[in-house]
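Below is one structure, written out as structure tokens; the observations come after it.
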Amino acid sequence: MEYTPVVAQMKNQIVRMMEDLERALQKPPSERRWGMVIDLSKCVACDACTVSCKAENKTPPGVNYTLVIKEEVGTYPNVREVFLPRPCMQCENPPCVDVCPVSATWKNEEGVVVIDYDVCIGCRYCITACPYGARTFDFGDWYTKNTPMLAPYETAPTFEYGEERVRQDDVSPIGNVRKCNFCIQRLHEGLLPACINDCIGRARYFGDLNDPDSLVSELLRERYSFRLKDELGTSPKVFYLS
Amino acid sequence: MTNEKNEYRVSPLGKTAYWVVVVIMLAIGAVGLYWRLTQGHKLANYGQLIVWGLWVAMYIYFIGLSAGAFLISALVYAFGVERFRPIARLALFTALISLLMALLNIWFDLGHMARFYEVYTRPNFQSMMAWMVWLYTAYFILLLVEFWFEMREDLVHRGQEPGVVGLVCRILALGSKAVDAETRRRDQRVVRVLGAIGVPLAIMFHGGVGALFGVVSARPAWHSGLFPLLFLVSALVSGGGLLLALYAMLAPNRKSEEYKTLIFDLGRLVLFLVLLDGLFTFAEYSIALYGAIPSDVAPLLKTMTGPFWYVFWIGQVGLGLVIPTVLLAWKRTRTNPFWVTVAGFSIVLAFVGVRLNIVIPPLSVPEIQGLVEAVPSARMTTQYAPSSMEWFLAIGIIGLGLAMFAIGYYLLPVKPHQGKEATL
Ligand code: SF4
Ligand code: SF4
């Protein structure tokens with residue numbers, strides 16, 4: 001059997017996912033169905049995804065689009081740690097969308113649940129309705145507030161939803177609810193979501209679920225997968241391999 | 001007009017004390033307001049898990065008072081329970097002020113206060129919250145119109161008085177002058193019809209507030225079919241308790257037979273509602289505890305044994321159930337204005353606790369175990385106690401309500417009156 005070094009395998013997977021992405025972008029938006037697959041057996045809880053998401057979206061303290069839940073199971077000496085990265089599930093039936101009084105949040109054509117920061121009134125009803133704790137409120141906190149100068153990483157513009165915004169007091173997205181949006185601003189440029197690129201263990205995969213040839217579709221075909229709280233009928237587009 | 005001789009007068013000392021308290025509350029509120037407007041939500045203690053705090057609790061509290069007071073006024077206007085006529089107008093007035101206080105609370109809670117109008121311009125009727133706002137608006141208009149027609153005749157009379165009272169009443173009469181049998185019949189008809197329309201409206205909007213929580217399947221402690229009903233009953237209890245206390249304190253001629261029977265009847269009604277509310281709460285708690293699904297049980301255990309256990313045991317159970325039950329049932333106390341007032345205020349106070357416990361503990365259980373520990377952030381916590389800003393602003397809003405009540409009470413013909421002849 002031919003031997004492919006692990007590093008090369010990983011590189012191939014990145015290249016393959018980018019090719020999947022290219023292919024998906026050729027299709028009309030409504031025919032794409034972005035999805036994420038997370039291989040729990042490969043996650044080492046390094047939080048590279050958490051940090052790369054922060055860097056991409058310049059999220060303030062307390063606002064986390066993705067995070068890694070770390071749980072210890074069993075009692076000493078028979079303990080095991082389980083790690084669960086948790087982005088927004090981009091539910092097919094998102095309960096967060098139904099409750100928004102002003103339709104500031106909705107599922108777009110590509111199946112990503114988005115928020116219009118200029119409309120959201122900041123009532124936070126959607127946060128209560130999300131069964132995954134995927135939504136957070138931007139309280140207007142800063143990492144470096146009481147220091148001589150706000151760090152540049154806090155004042156650099158973000159490009160969420162393709163809109164350039166510089167975060168400043170009293171201006172959206174402060175006072176809004178924020179969440180993971182699969183980095184659609186990157187997708188449309190042919191880039192993978194930041195957390196996918198930066199995952200050191202290649203535990204996260206991304207692609208078009210409507211494309212049978214994509215890596216994510218292949219993984220879901222070949223491996224056993226599950227979704228969080230499937231019984232609620234939310235039908236997440238984030239799948240876990242165990 | 002009210003019979004001045006018989007009118008119960010608040011002593012000048014009492015009046016001064018009242019206003020001193022109100023002014024202090026308003027001053028505190030001004031500080032809170034300043035913080036809120038300059039710092040936004042930074043100084044708030046609600047976080048990413050417990051995203052709703054004191055303000056939301058105060059909001060459902062005052063909405064409950066409003067709905068409850070309104071429904072009790074509807075007993076008179078829509079259902080013709082004449083016994084309660086002396087307090088009907090006071091009930092409408094209370095409903096109006098509580099509604100304003102509720103809306104103020106929730107307005108400050110918004111991340112973008114200036115965008116509230118969007119609920120009118122781009123409502124999503126899939127959302128209970130949008131329904132609620134629309135129903136409140138309808139209710140608010142209905143309350144104003146009903147209140148005006150109910151007072152119109154007295155406004156015309158009072159408009160002839162000299163001084164500020166006369167002036168205000170003249171202005172509020174909106175140029176209407178006619179007072180005869182014809183107009184009185186018309187006024188009464190309007191009030192009756194509006195009162196009747198108001199009943200389903202109040203049930204819808206307050207049941208709707210219950211549903212706002214009830215539909216959230218992500219929070220098992222809210223997701224119960226009993227919620228809208230529980231909200232309605234508790235609204236009636238708190239509204240009834242408040243009216244009971246107000247009437248016991250403000251009624252004219254507290255020696256009269258009418259006063260005693262009204263206190264007794266209203267007390268009995270409130271007693272019944274208190275017990276019904278206790279039954280509903282017991283049903284809600286016992287079923288969830290017996291089911292023993294961790295996500296159902298955790299918030300209840302937190303309520304009963306968490307750091308704020310006393311809000312449940314002393315507030316909800318003690319002040320809200322045991323004390324009023326005893327005071328309103330026991331022969332020695334149920335006709336004694338002092339003890340009835342105590343019972344009323346005990347309920348009014350207890351229901352702040354009820355509302356806090358509805359909002360906060362169910363939010364304090366992470367949706368996924370380990371979520372809170374996943375990122376180190378002061379906002380990612382299962383603990384919540386309101387911050388100074390939250391308290392200050394809430395206190396200020398209560399102060400504002402008390403001020404509006406006192407001013408309205410002085411200017412408008414809303415005093416509880418005696419029998420029929422007193423209205424003329
Ligand atoms: S916080 Fe914003 S997005 Fe969420 S329900 Fe309220 S208005 Fe909608
Ligand atoms: S995970 Fe939560 S925020 Fe994301 S789509 Fe589902 S309900 Fe909405």
State, with a plain yes or no, whether a side-chain heavy atom of [X] is found less than 4.5 Å away from one of [Y].
| X | Y | result |
| --- | --- | --- |
| B/Arg115 | A/Ser172 | yes |
| B/Arg122 | A/Val119 | yes |
| B/Glu367 | A/Lys229 | yes |
| B/Trp52 | A/Thr128 | yes |
| A/Pro101 | B/Asn124 | no |
| A/Ile174 | B/His41 | no |
| A/Asp169 | B/Lys42 | yes |
| B/Glu373 | A/Lys70 | no |

Practice prompt. Among A/Val63, A/Leu67, A/Asp170, A/Thr50, single out the residue with the greatest number of heavy-atom pairs under 4.5 Å to chain B.
Written response: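 Counting heavy-atom pairs under 4.5 Å, the top option is A/Leu67.
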
Worksheet item: Using a cut-off of under 4.5 Å for heavy-atom pairs, which of A/Val99, A/Val97, A/Asp98 has the most such pairs with chain B?
Response: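 Maximum pair count with chain B is reached by A/Asp98.
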
Nearest-0.5 Å distance that lies between atom [atom1] in [X] and atom [atom2] in [Y]:
| X | Y | atom1 | atom2 | result |
| --- | --- | --- | --- | --- |
| A/Leu228 | B/Ile368 | CG | CD1 | 5.5 Å |
| B/His112 | A/Cys120 | NE2 | SG | 6.5 Å |
| B/Ser377 | A/Tyr143 | OG | OH | 7.5 Å |
| B/Ile50 | A/Arg124 | CD1 | CZ | 12.0 Å |
| A/Thr136 | B/Gln48 | OG1 | CD | 5.0 Å |

Does [X] have more than 12 heavy atoms from other residues, nucleotides or ligands lying within 6.0 Å of its [atom1]?
| X | atom1 | answer |
| --- | --- | --- |
| B/Tyr34 | OH | no |
| B/Gln369 | CD | no |
| B/Phe125 | CZ | yes |
| A/Trp142 | CH2 | yes |

Fill in: B/Arg379 NZ/CZ over A/Phe137 ring centroid, <6.0 Å and within 45° of normal
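Ring-cation test returns no.
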
Side chain, backbone, both or neither: which part of [X] has a non-hydrogen atom closer than 4.5 Å to chain A?
| X | value |
| --- | --- |
| B/Leu363 | side chain |
| B/Tyr46 | both |
| B/Trp131 | neither |
| B/Val119 | both |

Chain A: which of [options] shares the most heavy-atom pairs with it under 4.5 Å?
| options | value |
| --- | --- |
| B/Gly47, B/Ser217, B/Gly40 | B/Gly47 |
| B/Ala374, B/Pro376, B/Ala130 | B/Ala374 |
| B/Pro366, B/Pro362, B/Ala218 | B/Ala218 |
| B/Leu49, B/Val51, B/Val372, B/Val133 | B/Val51 |

Discussion item. So for A/Phe83, is it side chain, backbone, both, or neither that comes closer than 4.5 Å to the heavy atoms of chain B?
Written reply: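 For A/Phe83, there is no contact with chain B at all, as no heavy atom is under 4.5 Å.
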
Worksheet item: Under a 4.5 Å heavy-atom cut-off, does chain B meet the side chain of A/Ile127, its backbone, both or neither?
Response: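 Its backbone and side chain both get close to chain B.
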
Item to complete: Determine yes or no for a side-chain-to-main-chain donor-acceptor pair under 3.5 angstrom, with A/Tyr125 supplying the side chain and B/Ser127 the backbone.
Response: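 Pair absent, no side-chain N/O of A/Tyr125 close to backbone of B/Ser127.
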
Discussion item. Please check this pair: side chain of B/Glu118 against backbone of A/Val102, looking for a donor-acceptor N/O pair closer than 3.5 Å.
Written reply: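 It does not hold such a pair.
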
